[in-house]
Amino acid sequence: MMNFSYARAESVAEAISAVSGDPHAHYIAGGTNLVDLMKYDVERPGRLVDITRLPLREITATAGGGLRIGALVPNSDLAYDPRVERDYPLLASAILAGASAQLRNAATTGGNLLQRTRCYYFYDVQTPCNKRAPGTGCGAIGGVNRIHAILGASEGCIATHPSDMCVALAALEAVVHVAGPGGERTIAFEDFHRLPGDRPEADNTLQHGELITAVELPAPRFGPHHTYLKLRDRLSYAFALVSVAAGLELDGDTIRDARVALGGVAHKPWRVPEAEALLRGQKPSREAFGAAADRLLQGARGQGDNDFKIELARRAIVRALEQAAAATPQRQSDKSIN
Ligand SMILES: Cc1cc2nc3c(=O)[nH]c(=O)nc-3n(C[C@H](O)[C@H](O)[C@H](O)COP(=O)(O)OP(=O)(O)OC[C@H]3O[C@@H](n4cnc5c(N)ncnc54)[C@H](O)[C@@H]3O)c2cc1C
Ligand code: SF4
């Protein structure tokens, strides 16, 4: 039996005060990850602060021509918002590649950023895991590690971040708006999630009690030259082994700028600005895309079961960039069940 108290916050200030004042308190939004973690005994919050009634459900236009997405906007509403479908199809496509329709209806924008790794050992409390229980070791190193990281891992943790939406947000260079006991701040998306290093228990740079209030997208770019390519063991209801969010800006047949982010390969969405720089001024070609892929994957290292991911990622990057260049983005196979 796990005892915890439950309270529904009526304002942002009330929510922040309730969680920041109690080290064992957690926010709960859609509950699609946190409740599972509680059932597996991975998370044992003493207090749940329900934020679902807070006024954070709007998607509004920003002065800079972008969109501000409230932290409680459900993943489905976001993917099917006409402005997102028209101006940020890369984001819509990534969201629809994840989970199931029912889960996307419940899952929120803020919760998606904070979902935890799907490492099998993290969920199995009988096994060592530095992320769940710091200092106990890592069951995945030398264990079953087909889904684990090939980039940015540490000697303490080789987990990956499981989100699809976050890979698109990384390529789109979103900004996360946060409110906490010390006031409000913004965090560039690339600085939001972190690599495991010697503190694998920390997935991101939020402080305890800080609440995500919104995610902001800059003005749209890439036009039709984008794609979200997700490779996984099953065509629906499975997390990415490797995914690629790619966007290109073309001047005629020359690449003016590029953004490429990888999912399923590291503890955070993986971007390498030098790889994007290699594409600038190039004509779209398999050679140019291969060189960018090699730079993105520089230093990649398998752990045994996941060695295949290095070549899979290389091919996926080249294919995604070809799709983006040709303006033939990957279509999700079935939006209703995927
Ligand atoms: C079977 C299954 C398959 C899935 N497949 C995929 C997939 O293929 N791709 C994918 O991307 N995702 C997938 N998901 C994950 C799903 O997208 C996440 O569970 C969901 O986005 C989490 O959102 P939530 O609102 O339910 O978060 P919750 O479970 O409510 O919260 C998750 C965490 O975020 C914190 N939190 C929530 N909101 C805030 C906030 N505003 N500020 C601060 N902290 C907050 C909570 O305290 C908690 O720690 C899958 C989930 C399941 C169960
Ligand atoms: S990879 Fe990370 S999450 Fe998985 S067992 Fe090792 S420490 Fe835990």
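Just the heavy atoms: all of them, side chains too, but no hydrogens, waters or symmetry mates, feed the values below. All ligand and atom numbering here is 1-based and tracks the order in the structure.
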Below 3.5 Å, N or O to N or O, backbone or side chain included: is there any such pair between A99 and ligand 1? yes

Considering only heavy atoms, which of T32, D203, I51, V178 lies nearest to atom 39 (C) of ligand 1? I51

Heavy-atom nearest neighbour in the protein, as seen from atom 51 (C) of ligand 1, with distance rounded to 0.1 Å: R118 NH2, 3.7 Å

Would you call the rings of H148 and Y120 parallel, tilted or perpendicular, where under 30° means parallel and over 60° means perpendicular? perpendicular

of all protein heavy atoms, closest to atom 8 (Fe) of ligand 2 is C129 SG, 2.3 Å

Heavy-atom proximity to atom 31 (O) of ligand 1 ranks first, among N112, L34, L211, for L34

Nearest to atom 24 (P) of ligand 1 by heavy atom, P162, A25, G30, S100: which? G30

Can you confirm, on distance only, whether ligand 1 has an N/O atom lying under 3.5 Å from any N/O atom belonging to A29? yes

Heavy-atom contact under 4.0 Å between K230 and ligand 1? yes

Could you identify the single nearest non-hydrogen protein atom to atom 41 (N) of ligand 1 and state the distance to 0.1 Å? I212 O, 3.1 Å

For residues I69 and L217, determine if any side-chain heavy atom of one lies less than 4.5 Å from a side-chain heavy atom of the other. yes

So, taking the atom named CG in L114 and the one named OG1 in T109, what distance separates them when rounded to the nearest 0.5 Å? 11.0 Å

For atom 4 (Fe) of ligand 2, which protein heavy atom lies nearest, and how many Å away is it? C119 SG, 2.3 Å

Counting both backbone and side chain atoms, is some N or O of Y237 under 3.5 Å from an N or O of ligand 1? no

Do the charged groups of D50 and R53 touch, with an N to O distance under 4.0 Å? no

Can a salt bridge be assigned to the pair D77 and R57 using a cut-off of 4.0 Å between side-chain N and carboxylate O? no

Minimum side-chain heavy-atom gap T160-H267 below 4.5 Å: no

Can you tell which of G110, G31, G111 gets a heavy atom nearest to atom 28 (P) of ligand 1? G31

min-distance protein heavy atom vs atom 2 (C) of ligand 1 -> L103 CD1, 3.4 Å

Exactly one of I212, L169, V175, V215 clears side chain to side chain contact (heavy atoms under 4.5 Å, CB included) with F192, and that residue is I212

Any atom of ligand 2 sitting under 4.0 Å from a heavy atom of G139? yes

Answer yes or no: is there a side-chain heavy-atom contact under 4.5 Å between Y27 and I16? yes

Consider side chain to side chain contact (heavy atoms under 4.5 Å, CB included). Of I317, L296, V265, which one does V244 pass it with? I317

In plain terms, say whether K131 and E201 are close enough for a salt bridge, that is, a side-chain N and a carboxylate O under 4.0 Å apart. no

Looking only at protein heavy atoms, which one is nearest to atom 47 (O) of ligand 1, and how far off is it? Y27 O, 2.5 Å

In the protein, what heavy atom is nearest to atom 50 (C) of ligand 1, and what distance, to one decimal place, separates them? F239 CZ, 3.5 Å

Please determine whether a side-chain nitrogen of the Lys or Arg among E173 and R271 lies less than 4.0 Å from a carboxylate oxygen of the Asp or Glu. yes

Residue A238 vicinity, atoms of ligand 1 by number, heavy atom under 4.0 Å: 8 (O)

Under 4.0 Å from any heavy atom of G98, which atoms of ligand 1 are there? 7 (C), 8 (O), 9 (N)

Among E210, Q115, H161, M165, which residue places a heavy atom closest to atom 12 (N) of ligand 1? Q115

For D164, the ligand 1 atoms whose distance to one of its heavy atoms is below 4.0 Å: 7 (C), 8 (O), 9 (N), 10 (C), 11 (O)

Heavy-atom contacts under 4.0 Å between D36 and ligand 1: side chain, backbone, both, or neither? side chain

Student check: side-chain heavy atoms of R194 and R199 closer than 4.5 Å: yes

Salt bridge or not for D257 and R259, using N-O below 4.0 Å? yes

Ring centroid separation H161 to H193 under 6.0 Å: yes

Tell me whether ligand 2 is touched by G143 - counting only heavy atoms on the residue side and a distance under 4.0 Å. no

List the closest protein heavy-atom neighbour of atom 5 (S) of ligand 2: residue, atom name, distance to the nearest 0.1 Å. Y121 CB, 3.4 Å

Dump the intermediate steps for salt bridge (charged side-chain N to carboxylate O under 4.0 Å, His left out) on E322 and R286, then the final yes or no. CA-CA 8 Å; E322 287 179 339; R286 190 158 279 207; 2.9 Å; yes

When distances are taken from atom 49 (O) of ligand 1, the protein heavy atom at minimum range is H26 ND1, 4.1 Å

Under a 4.0 angstrom heavy-atom cut-off, which atoms of ligand 1 come close to L114? 33 (C), 34 (O), 35 (C), 36 (N), 43 (C), 44 (N), 45 (C)

Check this for me, if you would: do R280 and E276 make a salt bridge, where the nitrogen-to-carboxylate-oxygen distance has to be below 4.0 angstrom? no

With backbone taken as N, CA, C and O and side chain as the heavy atoms from C-beta onward, which portion of A159 lies under 4.0 Å from ligand 2: side chain, backbone, both, or neither? both

Measuring to atom 2 (Fe) of ligand 2, does C138 have an N/O/S atom at a distance below 2.8 Å? no

State plainly whether the residues E43 and R116 are in salt-bridge range, i.e. N to O under 4.0 Å. yes

If you take the nearest heavy atom of each of V19, V35, T108, which one is closest to atom 25 (O) of ligand 1? T108

Starting from atom 1 (S) of ligand 2, what is the nearest protein heavy atom, named by residue and atom, and what distance separates them? I158 N, 3.2 Å

With a cut-off of 4.0 Å, which atoms of ligand 2 are near a heavy atom of G156? 7 (S)

Atom indices of ligand 2 within 4.0 angstrom of C157 heavy atoms, with elements: 1 (S), 2 (Fe), 7 (S)

Under 4.0 Å between a Lys/Arg side-chain N and an Asp/Glu carboxylate O for K268 and D203? no

